[in-house]
Amino acid sequence: MSVPSDKLPRHVAVIMDGNGRWAQHRGEARGFGHRAGVEAARGLMKAAAEYGIEVLTVYAFSQENWQRPGAEVALLMQLFSRALDREVAELHANNLRLRFIGDRSRFEGALTRAMGRAEALTAGNTGMTILIAIGYSGQWELVQAAERCRLAGTPVTVSALAAQLETAGLPDVDLLIRSGGEHRISNFLLWQSAYAELYFTDQLWPDFNREAFDAALHWYAARERRFGGLATPGDSTT
Ligand code: FPP
């Protein structure tokens, strides 16, 4: 069932949690879940683009994820590199813009170069923007933005700080989805989610299919967003 376009979120952000448990439930190693997670992310990108969502941000790797065992981090890096190699041409062919947000300084040169190439290739596209948060932390981003204001000698105001964020120029998050049953934000898009509607599902990330995305969008479409104000006159809700 479709959602009327005026009820769609402009910016959807997703915390893709539960790959490890999904694999464990099947008696498999965590990497099996991450591989399935990549497929689920791919499906989400396709579905979001078809819906006409403007910006989709996915949390692929947090700064805290560096604390995971070296073998798991290495596997994730390998998966990201492969997914990039495999998917960029198709994303480009579909007019999608790909960007990465986060601290790239700890990633291997080959990966950061591939990220830069993908961004350059797709920069002029006019379809959905896909932001991949990798090496990302919301607190890091805010500190970095404040530091940039300081260096530029700019007073720190809401608009000055927003202009220094990784997401400068893009709409704030309307709908934040988290799979995997936890109810927390985990240092993701802290500033941009100030007024986001928060949608939590127990589904583990690899199970998050098109139907699950539809359910989240329908839930969002029924929300009444007040941004700290009051309900619209004549509206009986409080
Ligand atoms: C959470 O599962 C997921 C991650 C740590 C990030 C990795 C995400 C993917 C591989 C999806 C693909 C993304 C892209 C953009 C290619 P978890 O390991 O925290 O699961 P658990 O909570 O069950 O242990």
Side-chain angles (χ1 to χ4, degrees), residues 11-49 53 55-92 94 96-104 106-108 110-112 114-115 117-119 122 128-138 166-167 176-189 200-210 212-213:
H11 185 167
V12 177
V14 185
I15 301 177
M16 308 176 288
D17 194 17
N19 293 345
R21 279 166 285 161
W22 186 88
Q24 263 164 4
H25 293 169
R26 287 162 177 74
E28 299 279 354
R30 298 175 57 79
F32 185 71
H34 290 316
R35 282 189 193 91
V38 172
E39 288 311 307
R42 200 166 175 265
L44 171 73
M45 289 172 195
K46 188 166 186 288
I53 302 293
V55 183
L56 173 71
T57 307
V58 293
Y59 208 1
F61 192 83
S62 69
Q63 291 190 359
E64 292 74 21
N65 287 152
W66 283 114
Q67 297 162 27
R68 294 193 176 195
E72 180 165 345
V73 171
L75 177 88
L76 284 169
M77 295 303 138
Q78 195 186 61
L79 280 179
F80 296 148
S81 290
R82 279 198 200 145
L84 255 184
D85 287 350
R86 225 178 34 213
E87 307 295 342
V88 168
E90 195 182 334
L91 295 177
H92 183 47
N94 283 294
L96 303 178
R97 198 155 67 115
L98 191 59
R99 280 185 40 200
F100 299 88
I101 58 171
D103 179 3
R104 301 181 193 192
R106 286 180 71 178
F107 294 110
E108 279 189 7
L111 179 56
T112 50
M115 286 157 61
R117 280 197 304 272
E119 288 181 324
T122 62
M128 182 175 79
T129 296
I130 299 171
L131 291 184
I132 302 198
I134 179 164
Y136 177 85
S137 130
E166 303 271 288
T167 53
L176 175 66
I177 298 172
R178 181 175 187 138
S179 66
E182 305 290 357
H183 291 198
R184 53 176 174 257
I185 295 183
S186 298
N187 218 346
F188 190 40
L189 299 174
F200 299 103
T201 168
D202 289 339
Q203 278 170 308
L204 302 174
W205 178 249
D207 291 329
F208 194 90
N209 54 17
R210 191 176 186 118
F213 186 49

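Counting convention: from 1, in listed order, for ligands and their atoms alike. This one's a predicted model, so the numbers in the text were calculated from it and none came from an experiment.
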Open item on the list: Distance under 4.0 Å to a non-hydrogen atom of Gly37: what atoms of ligand 1 satisfy this?
Closed with: 11 (C), 12 (C)

TODO: Determine whether the side chains of Asn187 and Glu64 contain a donor N or O and an acceptor N or O closer than 3.5 Å.
DONE: yes

Task: N-O pairing of Glu90 and Arg42 below 4.0 Å - done: yes

TODO: Using the test side chain to side chain contact (heavy atoms under 4.5 Å, CB included), find all partners of Gln203 that sit at least two apart in sequence or belong to another chain.
DONE: Thr201, Phe208, Ala212

TODO: Starting from atom 22 (O) of ligand 1, find the nearest protein heavy-atom neighbour and note its residue, name and distance.
DONE: Asp17 OD1, 2.9 Å

Open item on the list: Between ligand 1 and Leu79, can you find any atom pair, the residue atom being a heavy atom, that is separated by under 4.0 Å?
Closed with: no

Task: Closest contact, heavy atoms only, Ala118 versus Leu98 - done: CB-CD2, 3.9 Å

- [ ] Could you establish whether Ala60 and ligand 1 come within less than 4.0 Å of each other, counting only heavy atoms on the residue side?
- [x] yes

Open item on the list: Assess whether a salt bridge exists between Glu182 and Arg184, defined as any Lys/Arg side-chain N lying under 4.0 Å from an Asp/Glu carboxylate O.
Closed with: yes

- [ ] Determine whether the side chains of Arg178 and Ser186 contain a donor N or O and an acceptor N or O closer than 3.5 Å.
- [x] yes

TODO: Look only at interatomic distance and state if Ala41 has a nitrogen or oxygen under 3.5 Å from any nitrogen or oxygen of ligand 1.
DONE: no

Task: Contact atoms of ligand 1, heavy-atom distance to Val38 under 4.0 Å - done: 10 (C), 11 (C), 12 (C)

Task: Pair Glu119 + Arg104, salt bridge at N-O below 4.0 Å - done: yes

Open item on the list: Using side-chain heavy atoms (C-beta onward) and a distance below 4.5 Å, is Val12 in contact with Ile177?
Closed with: yes

Task: Nearest-option assignment for atom 1 (C) of ligand 1, heavy atoms, candidates Met16, Arg82, Met45 - done: Met16

Open item on the list: Geometry only, no angles: is Arg68 polar-contacting ligand 1 at N/O separations under 3.5 Å?
Closed with: yes

Task: Nearest-option assignment for atom 2 (O) of ligand 1, heavy atoms, candidates Leu44, Ile134, Leu76, Asn19 - done: Asn19

Task: Polar contact flag for Arg21 and ligand 1 (N/O pairs, less than 3.5 Å) - done: yes

Task: Location of contacts on Gln24 toward ligand 1, heavy atoms closer than 4.0 Å - done: neither

Open item on the list: Could you tell me if the side chain of His11 sits less than 4.5 Å from the side chain of Ile53, heavy atoms only?
Closed with: no

TODO: State whether the shortest distance between N or O atoms of Gly20 and N or O atoms of ligand 1 falls below 3.5 angstrom.
DONE: yes

- [ ] Can you pull out the closest protein heavy atom to atom 10 (C) of ligand 1? Residue, atom name and distance to 0.1 Å, please.
- [x] His34 O, 3.5 Å

TODO: Check each atom of ligand 1 against the heavy atoms of Arg30 and keep those under 4.0 Å away; list them by number with element.
DONE: 17 (P), 18 (O), 24 (O)

Open item on the list: Check whether Trp66 forms a cation-pi arrangement with Arg68 (NZ or CZ under 6.0 Å from the six-membered ring centre, at most 45° off the ring normal).
Closed with: no

Task: Geometric N/O contact Asn65 with ligand 1, under 3.5 angstrom - done: no

